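Report on the structure given below.
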Amino acid sequence: MGSSLEQSPLPPSSPVSASVGDSKRSAPFENLHIREFVGHKKKVHSVAWNCTGRKLASGSVDQTARIWHIEPHSHHNKVKEMELKGHADSVDQLCWDPKHADILATASGDKTVRLWDVRTGKCSQQVELSGENINITFKPDGTHIAVGNRDDELTIIDVRKFKAINKRKFPYEVNEMAWNITGELFFLTTGNGTVDVLSYPSLVTLQNISAHTAGCYCIAIDPTGRYFAVGSADALVSLWDLSEMLCVRTFTKLEWPVRTISFNHDGTYIASASEDLFIDIAEVENGRSVYQIPCKAAMNSVEWNPKYNLLAFAGDDKNKYSVDEGVFRVFGFETP
């Protein structure tokens, strides 16, 4: 299908630029390095930074989440880590409280959603929902959590009471979701190639945007509030003006269905990844691809740090015996 799968992947110690010969365009990234973080027993499905950018959470098929203290400017790879145990199935996605640097929410195939205080490593709240949970996101003010399951059901959880306050079942595939920065709009990506725009908290549908020719898998809101981006099975990433709900441009470097996307802290770059053996970094304002980070496997999750140009990423990595490697990596360090 895509020619990129025929190329042998480069080792993580040798980042390559997408624009060889044009040093000006790739200058912010060309001398930066990748560090690998090992701890999980099976593959990592989700990575997420907390609001201060000092802690990173990873969720794995091994039924645990882990917390890593990562100093952006440290010159070594030694980090403190903590294991969060309690789920009885894969931790498919996780997200941090946008207003609290030590509160993490996890969604699992065991039908529960759990809230953790990472100062103690203990689960502080949990609620059992009706299906296998695969997507989770916090409202920007930290008051509500949205959860999506394999049965295309959306549940809204009140964080203070930790109870479901709204549920809606969809007659079609729904995937990742996001609030806009003010929390007044709620976006759902669907298998129909649309983005459903709902008012919040009523969840009344305001608009169905025909975004792609194939299913929409992932969505990200630009931190400045100007744009949202959508990744699709058609291998494209589309960028949308949030005030006009119009497509501004598309990013076309990937050749396989786009699984995960993320804006950097100031909205100047967008990272996108798929089964292609690289992560693409492009300039938001003009769509130019400026750098590609080599990968060894299909990617499950990419996320920029909220303060620095550090990109965490995790995929379906396997060792030479074809056994899952429980690793994730962070690109953007000035020293190896």
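The structure displayed is predicted, hence computed values, not measured ones.
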Fill in the blank from the handout: For residues 50-69, the salt bridge (Lys or Arg N to Asp or Glu O under 4.0 Å) pairs (sequence neighbours left out) are Arg54-Glu71, Lys55-Asp102, Arg66-Glu81, Arg66-Glu83

Exercise for the section: May I ask you to decide if the ring planes of Tyr308 and His73 are parallel, tilted or perpendicular, using 30° and 60° as cut-offs? Expected result: perpendicular

Handout entry: Sub-6.0 Å ring centroid separation between Trp179 and Tyr200
Key = yes

Problem - Under 3.5 Å side-chain donor-acceptor pair for Ser130 and Glu153 - result: yes

Fill in the blank from the handout: side chain to side chain contact (heavy atoms under 4.5 Å, CB included) test vs Asn175 passes for just one of Asp152, Thr189, Leu188, Ile134, namely Thr189

Practice task
For Arg329 and Leu311, indicate whether the former's side chain and the latter's backbone hold a donor-acceptor pair under 3.5 Å.
Solution key: no

Problem - Residues His40 and Ser58: side-chain donor-acceptor under 3.5 angstrom - result: yes

Practice task
State whether a side-chain donor-acceptor pair under 3.5 Å links His87 with Thr106.
Solution key: yes

Exercise for the section: Output the distance between atom CD (Glu303) and atom CG (Leu56), rounded to the nearest 0.5 Å. Expected result: 7.5 Å

Practice task
Answer yes if the ring centres of Phe187 and Phe228 are under 6.0 angstrom apart, and no otherwise.
Solution key: yes

Handout entry: Connected hydrophobic set around Val327, excluding itself, where side chains approach under 4.5 Å
Key = Val38

Problem - Gap separating the CZ atom of Arg35 from the CD1 atom of Ile70, nearest 0.5 angstrom - result: 9.0 Å

Problem - Exercise: do Glu283 and Tyr291 side chains pair donor with acceptor under 3.5 Å - result: no

Problem - Phe263/Tyr227 under ring pair (Phe, Tyr, Trp, His ring centres under 6.0 Å): CA gap, chis, key distance, verdict - result: CA-CA 10 Å; Phe263 286 98; Tyr227 303 120; 7.3 Å; no

Problem - Exercise: do Thr190 and Thr194 side chains pair donor with acceptor under 3.5 Å - result: yes

Completion exercise
Here the gap from Asn309 atom CG to Leu32 atom CG, rounded to the nearest 0.5 Å, amounts to 8.5 Å

Exercise for the section: Return yes if a side-chain donor-acceptor contact under 3.5 Å exists between Asn300 and Asp316, otherwise no. Expected result: yes

Problem - Short side-chain donor-acceptor distance under 3.5 Å, Ser108 and Asn133 - result: no

